[in-house]
Visitor: 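Okay, here's the structure, questions in a sec.
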Amino acid sequence: MQSTLSALSQRVTEAIAEAFQLKPEDVNPRLTRSQDDKFGDYQCNAAMGLAKQLGQKPRDIAQKIVDQLKTDDLCEAPEIAGPGFINLKLTTEYLAGQLTQTPPNPDDAAASEQTGPVRNQTGPVRDRIGIPTVEHAETIVVDMSSPNLAKEMHVGHLRSTVIGDSIARILEFAGHNVHRVNHVGDWGTQFGMLLEFVRQTQPDALEQKGNLVINDLEKFYVQAKKRFDDDPEFADRSRKNVVQLQSHDPNTIAIWEMFCHESLRHCHAIYEILGVENLVDRGESFYGPMLGDVVEEFKTKGHATESDGALCVFLDGFTSRDGDPLPMMIQKSDGGYNYDTTDLAAIRHRIHEMHADRIIYVVGIPQKQHFQMLFAAAEKVGWSSDNNMLTHIGFGSVLGEDGRPFKTREGGSVKLKDLLDEAEARARRVVEQNVEKGGDRSHFDESTINHIARTVAIGAVKYFDLSHNLASDYKFNFDNMLAMEGNTAPYMLYAYARIRSIARKADTANTEENAATSTNAPIVLEHDSELRLARMILRFPEIIDTLLVDLRPNLLTDYLFDLSKAFNMFYDRKQGVRVIDAKPMNIRASRLRLCDITARVLKTGLNLLGINTIERM
RNA sequence: GCGCUCGUAGCUCAGUCGGACAGAGCACCGGUUUCCUAAACCGGGGGUCGCAGGUUCAAGUCCUGCCGGGCGCACCA
């Protein structure tokens with residue numbers, strides 16, 4: 001399955017170059033998808049722009065482009081409309097031909113061997129639906145999730161984790177070599193207090209290695225903080241711990257390692273629920289030994305300036321609240337380092353040691369300026385070679401119903417675990433209600449119900465997050481994300497399950513005479529609803545192309561929703577066509593294959609969002 | 001104060017490199033269970049795109065100013 005948009009763009013580019021004697025690389029074909037079906041599938045907006053440049057009437061220019069345009073194998077005859085739009089409408093033959101060529105699903109063989117009511121999914125979907133990988137695979141680091149180990153993961157980490165994973169999946173799908181890096185906060189002054197609290201509350205933890213268990217990290221932190229504030233002696237010992245940690249005192253390091261290990265166990269329990277895999281934990285401490293070298297490099301290259309006893313890098317275009325140049329501090333006046341230094345060391349390590357071609361930071365918008373400065377510094381010191389190498393994907397905040405930052409009633413941060421548990425409990429209630437209604441679902445056993453509830457709940461939280469524009473804040477709302485109607489995971493998963501159900505029913509309805517398999521049947525498009533569905537399916541490759549440039553998951557959720565709606569129209573009793581009982585046989589096979597390809601696109605698309613599908617729900 | 005970001009239907013949100021009459025879902029009104037699983041489907045009404053200028057053949061989109069919400073601004077990370 002190839003991108004029709006990119007194929008057509010090439011044709012239009014060639015035609016414009018030919019018509020006006022331009023170099024193809026100087027031509028912008030300005031080809032976009034039409035907003036209204038009545039204008040066809042794609043429109044070229046280049047003529048209006050060229051009019052001024054060439055001093056000719058836009059409609060004349062459009063005509064000259066059309067005269068050179070060779071698109072017979074894809075489109076009907078081009079039409080010029082309005083001020084000079086060139087409208088292109090794909091032919092039925094092209095649409096049918098493209099769909100007919102869709103390669104078979106490599107997962108089909110494996111799937112047919114599973115007989116349970118719910119097919120468990122492990123690992124990535126292998127089905128590419130004929131979409132090619134990029135020509136030049138890059139090594140890409142996705143910096144994501146990155147909780148602070150001192151505390152429990154809270155709702156603030158949701159977006160980075162979910163968006164980062166989706167972006168990583170999209171890049172992997174394209175064939176890139178992706179490293180998900182969890183830049184966890186495992187270093188800093190608050191660890192002195194936590195380690196002291198471990199020493200006092202679990203004194204035997206060190207003897208019984210690996211025996212440190214903290215059931216509630218959040219409570220642990222709060223208690224330690226309280227002791228720190230109330231007890232001067234405790235505070236004093238805490239500060240000593242920080243010093244000992246920094247000087248790598250073996251006993252202190254041992255406790256610190258146990259604590260980090262225990263905290264990471266909490267994190268990975270969440271990642272497991274979320275289905276985030278291949279996330280490499282690489283804490284700030286990892287870069288500790290490199291910090292001196294980083295500072296040295298800035299000094300040697302003449303980019304570090306002393307200011308008020310601290311060592312700073314001054315970058316053009318950044319000013320502080322008083323209008324003075326805003327420095328990036330790489331060494332404090334006491335000789336210590338801060339997070340700017342650590343982040344710089346991480347960039348250097350990723351470029352020099354991991355050989356990253358690109359580094360993508362999935363971190364909230366409030367940190368935008370920090371990353372602008374960080375990237376500017378990395379460029380100044382000569383690590384990053386071009387502007388595309390370092391990218392900050394910023395996102396908005398998760399808000400409560402009142403539009404304020406999402407908090408518990410007590411004003412604390414909402415634990416991610418509690419949030420996901422609540423989503424699952426709500427989803428289970430809905431599943432159980434539906435099972436009680438009987439029908440096809442009455443034989444669902446406990447484990448099936450659990451699996452459905454879990455998949456729907458996690459999918460709902462992720463989909464709700466990903467379906468919003470990255471830049472916007474959004475209001476967290478269980479009812480909205482678990483709604484069966486609208487652009488939600490339950491709707492998408494249900495649409496998928498229904499299509500799969502059609503396939504099962506069609507299988508059992510196969511008689512001797514109509515036993516033809518639909519997996520490689522020629523696609524025949526007759527009805528409007530079939531054509532509409534076909535067009536929608538074939539947009540998938542260009543959506544993937546766009547995602548690789550824009551890295552905006554909500555483009556994908558919108559597309560999948562549109563695809564579902566097109567499918568529902570296709571299957572609609574009144575407006576659609578017959579499928580399972582369609583006659584003659586070649587039409588039935590064609591329509592069943594359309595169902596199958598739709599399901600595959602839905603499944604693949606949802607997988608790129610990190611959402612699992614279920615065969616029945 | 002400087003900077004970033006958002007403001008689109010009653011509510012929640014989309015809106016591509018500026019492109020043709022501004023989209024979806026919820027809610028509201030009406031219709032649909034003899035191909036799938038009604039957790040569904042189909043149809044309808046509903047908008048001064050915060051305000052005012054400007055650029056352009058064309059502005060929700062770009063520029064300027066203002067109003068309103070959120071956020072960031074060196075020894076915490």
Side-chain angles (χ1 to χ4, degrees), chain A residues 28 30 32-36 38-39 43 45 48-49 51-52 58 81-85 148 185 187-190 284 307-310 312 318-324 326-329 331-334 336 338-340 342-343 364-370 372 394 396-397 399 403-405 430-431 433-434 437 439-441 456 467-469 471-475 477 479-480 482-488 490-491 493-495 497-506 509 546 550 552 554-555 557-558 561-562 565 568-569 571-582 591 595 616-617:
Chain A
N28 182 351
R30 302 194 54 179
T32 63
R33 202 152 35 71
S34 300
Q35 284 183 359
D36 194 316
K38 76 182 176 194
F39 299 129
Q43 64 184 54
N45 302 328
M48 286 81 78
K52 178 161 281 184
F85 298 111
N148 189 327
W187 205 250
T189 48
Q190 75 267 49
E284 293 167 341
S307 169
D308 293 341
C312 299
F318 296 94
T319 49
S320 74
R321 130 184 19 202
D322 307 317
D324 301 325
L326 180 67
M328 185 163 86
M329 186 176 298
Q331 189 164 25
K332 299 190 284 188
S333 51
D334 67 359
N338 57 20
Y339 79 129
D340 283 324
T342 304
D343 283 352
I365 285 175
Q367 301 230 42
K368 182 172 176 168
Q369 190 183 43
H370 166 63
Q372 283 175 337
S397 309
L399 308 176
R404 308 287 306 161
V430 178
V431 177
Q433 279 167 13
N434 281 291
K437 285 186 199 163
D440 232 22
R441 283 182 274 242
V456 169
S467 62
H468 288 86
N469 187 321
S472 5
D473 298 340
Y474 72 82
K475 293 182 184 172
N477 183 306
D479 291 332
N480 288 351
L482 286 165
M484 328 303 172
E485 303 97 33
N487 192 8
T488 67
Y491 173 90
L493 294 174
Y494 187 55
R498 282 170 56 222
I499 300 175
R500 300 294 298 154
S501 185
I502 292 169
R504 285 192 299 270
K505 185 63 177 284
T546 307
D550 281 354
R552 290 172 46 195
N554 78 303
L555 297 176
T557 58
D558 285 358
F561 187 47
D562 286 343
K565 284 189 287 192
N568 286 330
M569 182 81 88
Y571 203 81
D572 185 66
R573 191 174 298 114
K574 294 253 172 64
Q575 308 198 30
V577 294
R578 307 304 293 179
V579 175
I580 295 175
D581 55 6
R591 289 175 182 167
C595 292
R616 299 169 202 258
M617 71 180 270

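Predicted, not measured: the structure shown is a model, and the values here were computed from it. Throughout, a chain's letter reflects where its sequence line sits, starting with A, and its residues are numbered from 1.
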Visitor: Taking only the P atom of each, what is the distance from B:rC51 to B:rA39 in whole angstrom?
Guide: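 One P to the other, the span is 43 Å.
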Visitor: Is the shortest side-chain heavy-atom distance between A:Arg30 and A:Met48 below 4.5 Å?
Guide: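 The answer is no; the side chains never approach within 4.5 Å.
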Visitor: When you measure from the side-chain N and O atoms of A:Lys475 to the phosphate of B:rC11, is any distance below 4.0 Å, counting only OP1 and OP2?
Guide: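 For B:rC11, neither OP1 nor OP2 has a side-chain N or O of A:Lys475 closer than 4.0 Å.
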Visitor: Is any side-chain N or O of A:Ser472 under 3.5 Å from a base N or O of B:rC6, one able to act as donor and the other as acceptor?
Guide: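 No pair found.
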Visitor: A:Phe39 on top of B:rA20's base, within under 5.5 Å and under 30°?
Guide: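 The base of B:rA20 is stacked with A:Phe39 (centres under 5.5 Å, planes under 30°).
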Visitor: Counting only side-chain nitrogens and oxygens, does A:Lys368 get under 4.0 Å of the OP1 or OP2 atom of B:rU5?
Guide: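 Looking at the OP1 and OP2 atoms of B:rU5, one of them is under 4.0 Å from a side-chain N or O of A:Lys368.
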Visitor: Provide the Watson-Crick or G-U wobble partner of B:rC11, both distances under 3.5 Å; none if there is no partner.
Guide: B:rG25
Visitor: Quantified in whole Å, what is the C1' atom distance between nucleotide B:rC41 and nucleotide B:rA52?
Guide: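 Result for the C1' pair: 46 Å, nearest Å.
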Visitor: Is it the case that the side chain of A:Asp308 and the backbone of A:Ala310 share a donor-acceptor pair, with hydrogens and angles ignored and the cut-off at 3.5 Å?
Guide: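 Checked: no pair found.
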Visitor: Can you check the distance between B:rA9 and B:rC49, where both ends of the measurement are the P atom (answer in whole Å)?
Guide: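 The same atom, P, in both gives a distance of 10 Å.
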Visitor: Please determine, for B:rC36, whether a Watson-Crick or G-U wobble partner exists with both distances under 3.5 Å, and give it or none.
Guide: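 Check on B:rC36: unpaired, no WC or wobble geometry under 3.5 Å.
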Visitor: Students often get this wrong, so: under 4.0 angstrom with heavy atoms, is A:Glu284 touching a base, only sugar-phosphate, or nothing?
Guide: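 The residue A:Glu284 makes sugar-phosphate contact but no base contact.
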Visitor: Quick one: label A:Pro366 by what it contacts on the DNA or RNA (base, sugar-phosphate, nothing), any heavy atom closer than 4.0 Å.
Guide: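 A:Pro366: backbone/sugar contact only, no base atoms under 4.0 Å.
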Visitor: In the structure I gave you, are the side-chain heavy atoms of A:Asn568 and A:Arg498 within less than 4.5 Å of one another anywhere?
Guide: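 In short, these two side chains touch, coming nearer than 4.5 Å.
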Visitor: Whom does B:rG68 pair with, Watson-Crick or G-U wobble, provided both distances fall under 3.5 Å?
Guide: B:rC6
Visitor: Do the side chains of A:Lys475 and A:Asn480 get nearer than 4.5 Å, heavy atoms only?
Guide: no
Visitor: Quick one, A:Tyr571 and A:Arg591 - any side-chain contact, counting heavy atoms below 4.5 Å?
Guide: no
Visitor: What is the nucleic acid contact for A:Asn477, judged by heavy atoms within less than 4.0 Å: base, sugar-phosphate only, or nothing?
Guide: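 Counting heavy atoms under 4.0 Å across all strands, no contact is made by A:Asn477.
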Visitor: According to a strict under-4.0 Å criterion, is A:Asn434 in side-chain N/O contact with OP1 or OP2 of B:rA39?
Guide: yes
Visitor: Would you please determine if the base of B:rA39 is stacked by A:Tyr491, with stacking meaning a centroid separation under 5.5 angstrom and planes under 30 degrees?
Guide: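 Whether judged by distance or by angle, A:Tyr491 falls short somewhere, so it does not stack on the base of B:rA39.
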Visitor: Please state the C1' separation for the pair B:rC36 and B:rA40 - nearest whole angstrom.
Guide: 10 Å
Visitor: Using the aromatic ring of A:Tyr571 (for Trp, its six-membered ring), decide whether it stacks on the base of B:rC41 within the limits of 5.5 Å and 30°.
Guide: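 Stack criterion not met.
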Visitor: What integer number of Å spans the C1' atoms of B:rU5 and B:rG50?
Guide: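 Looking at atom C1' only, B:rU5 and B:rG50 are 15 Å apart.
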Visitor: Could you list the residues that satisfy ring pair (Phe, Tyr, Trp, His ring centres under 6.0 Å) with A:Phe39, not counting sequence neighbours?
Guide: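 Here no residue qualifies.
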Visitor: Under 3.5 Å, which protein N or O atoms sit close to an N or O of nucleotides 57-62 of chain B? Give each pair with its distance.
Guide:
| unit_1 | atom_1 | unit_2 | atom_2 | d |
| --- | --- | --- | --- | --- |
| B:rC57 | OP1 | A:Lys52 | NZ | 2.7 |

Visitor: Are A:Met328 and A:Phe318 close enough that some pair of their side-chain heavy atoms sits under 4.5 Å apart?
Guide: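 Not in contact.
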Visitor: Looking at B:rG19, B:rC36, B:rU12, which one has an atom nearest to any side-chain atom of A:Gln43?
Guide: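 Selected nucleotide (nearest to the side chain): B:rG19.
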Visitor: So what does A:Asn554 hit on the nucleic acid, given a heavy-atom distance under 4.0 Å: a base, only sugar-phosphate, or nothing?
Guide: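 Touches sugar-phosphate only.
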Visitor: Counting only side-chain nitrogens and oxygens, does A:Ser307 get under 4.0 Å of the OP1 or OP2 atom of B:rC75?
Guide: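 No, A:Ser307 has no side-chain N/O under 4.0 Å of OP1/OP2 on B:rC75.
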Visitor: Just say parallel, tilted or perpendicular for the rings of A:Tyr474 and A:His468, cut-offs at 30° and 60°.
Guide: parallel
Visitor: What does A:Ala495 touch in the nucleic acid at a heavy-atom separation under 4.0 angstrom: a base, only the sugar-phosphate, or nothing?
Guide: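 A:Ala495: no heavy atom of the nucleic acid under 4.0 Å.
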Visitor: Would you find a donor on one side and an acceptor on the other, under 3.5 Å apart, between the side chain of A:Thr488 and the backbone of A:Ala483?
Guide: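 The answer is yes, because a donor-acceptor pair under 3.5 Å joins these two groups.
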Visitor: Could you say whether A:Arg573 or A:Ser467 is positioned toward the 5' end of RNA chain B, judged by the nucleotide with the nearest heavy atom to each?
Guide: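 Residue closer to the 5' terminus by nearest nucleotide: A:Ser467.
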Visitor: With both distances under 3.5 Å as the test, what is the Watson-Crick or G-U wobble partner of B:rU16?
Guide: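 Per the H-bond distance test, none.
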Visitor: What's the closest nucleotide to the side chain of A:Lys565 if the choices are B:rU37, B:rC75, B:rA24?
Guide: B:rA24
Visitor: Is a donor-acceptor pair below 3.5 Å formed from side chain A:Tyr494 to base B:rA39, judging by atom type as modelled?
Guide: no
Visitor: Under 4.0 angstrom, heavy atoms only, what part of the nucleic acid is A:Asn469 near: base, sugar-phosphate, or nothing?
Guide: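 Result for A:Asn469 = sugar-phosphate.
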Visitor: Across all strands, who's sitting opposite B:rC62 as a Watson-Crick or G-U wobble pair, both distances under 3.5 Å?
Guide: B:rG54
Visitor: Looking across every strand, which nucleic acid part, if any, lies under 4.0 Å from A:Asp572 by heavy atom: base, sugar-phosphate, or nothing?
Guide: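 Base: the residue A:Asp572, judged by heavy atoms under 4.0 Å, touches a nucleobase.
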Visitor: When rounded to the nearest Å, what value does the distance between P atoms of B:rG43 and B:rC57 take?
Guide: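 It works out to 40 Å between them.
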Visitor: Using a cut-off of strictly less than 4.0 Å, decide whether A:Arg441 has a side-chain nitrogen or oxygen near OP1 or OP2 of B:rU37.
Guide: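 For B:rU37, OP1/OP2 do not have a side-chain N/O of A:Arg441 under 4.0 Å.
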Visitor: Taking any heavy-atom pair under 4.0 Å as a contact, classify A:Leu326: base, sugar-phosphate, or nothing.
Guide: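 Sugar-phosphate, no base atom in range.
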Visitor: Counting only side-chain nitrogens and oxygens, does A:Lys574 get under 4.0 Å of the OP1 or OP2 atom of B:rU32?
Guide: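 No, A:Lys574 has no side-chain N/O under 4.0 Å of OP1/OP2 on B:rU32.
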Visitor: When the P atoms of B:rC6 and B:rC62 are considered, how many whole Å apart are they?
Guide: 9 Å
Visitor: Partner lookup for B:rC73, please. Criteria are Watson-Crick or G-U wobble with both distances under 3.5 angstrom; report none if nothing qualifies.
Guide: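 By the stated definition (distances under 3.5 Å), B:rG1 pairs with B:rC73.
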Visitor: As a test of reading the structure: which of B:rC75, B:rA39, B:rA74 is closest to the side chain of A:Lys437, going by heavy atoms?
Guide: B:rA39
Visitor: Between B:rC11 and B:rG47, how far apart are the P atoms? Round to whole Å, please.
Guide: 13 Å
Visitor: Toward the 5' end of RNA chain B, which comes first, A:His468 or A:Val430, by nearest nucleotide?
Guide: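 Looking at the nearest nucleotide for each, A:His468 comes out on the 5' side.
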Visitor: Look at all strands and tell whether A:Met328 reaches a base, only sugar-phosphate, or nothing, counting heavy atoms closer than 4.0 Å.
Guide: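 Nothing, no heavy atom under 4.0 Å.
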Visitor: Ignoring backbone atoms, test whether A:Asn568 places a side-chain nitrogen or oxygen under 4.0 Å from the OP1 or OP2 oxygen of B:rC41.
Guide: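 So the side chain of A:Asn568 is within the cut-off, an N or O lying under 4.0 Å from OP1 or OP2 of B:rC41.
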